[in-house]
Amino acid sequence: ASRLGPGAVGQTEAFVDAIVDQVHNIDRDAAKAAAKIRAEHRSIRLPDALVLAVGKVTNATAVVTADEKWARVDPRVQVIT
């Protein structure tokens, strides 16, 4: 969105605000969990591992994604199509 200008950024932020109920910081526990995920699942990239790790350390009820690879990492992952 940043490449498309302020209007696109605003639209993207509004969309994210509408679907995301909480935003969590990456703390030491999340970083350690992400490192473990990366070590065990080499196909999962660091940004994705961080999302999955925050889901784990916060005991989220669900982690929603369109990436089917995530479902092999954590049973709380829900893949949308």
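What you see is a predicted model, and the numbers here were worked out from it, not measured in a lab.
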Go through it in stages, so that I can follow the logic: the residues are Asn59 and Arg76, the test is side chain to side chain contact (heavy atoms under 4.5 Å, CB included), and I'd like the CA-CA distance, side-chain angles, deciding distance and then a yes or no.
CA-CA 9 Å; Asn59 201 26; Arg76 76 187 95 226; 3.4 Å; yes
On a heavy-atom basis, the closest approach of Ala1 and Thr12 is CB-OG1, 3.3 Å
Between Ala34 and Ala53, the two heavy atoms sitting closest are N-CB, 3.4 Å
ILVMFWY cluster, Val20 and Phe15 together (side-chain gap under 4.5 Å)
yes
Rounding to 0.5 Å, atoms OG1 (Thr65) and CG (Leu52) come to a distance of 7.5 Å
Is there a side-chain contact between Val9 and Glu13 in this structure, where contact means two heavy atoms from C-beta onward sitting under 4.5 Å apart?
yes
d(Thr61 OG1, Gln78 CD) to nearest 0.5 Å is 7.5 Å
- Task: Mark yes when over 12 heavy atoms from residues, nucleotides or ligands other than Gln11 sit less than 6.0 Å from its CD; otherwise mark no.
- Result: no
Residues Trp70 and Val64: closest non-hydrogen pair is CZ3-O, 4.4 Å
Exercise. Do Ile26 and Val57 sit in the same hydrophobic cluster, where Ile, Leu, Val, Met, Phe, Trp and Tyr count as joined when their side-chain heavy atoms come under 4.5 Å apart?
Worked result: no
Connected via hydrophobic side-chain network under 4.5 Å: Ile44 and Leu46: no
OG1 of Thr58 to CG of Asp29, rounded to nearest 0.5 Å, is 11.0 Å
In short, Val54 meets Ala30 closest at the heavy-atom pair CG2-CB, 4.0 Å
Nearest heavy-atom contact between Arg38 and Arg42 is NH1-O, 3.3 Å
In terms of heavy-atom contacts, Ala71 and Val79 come closest through CB-CG2, 4.2 Å
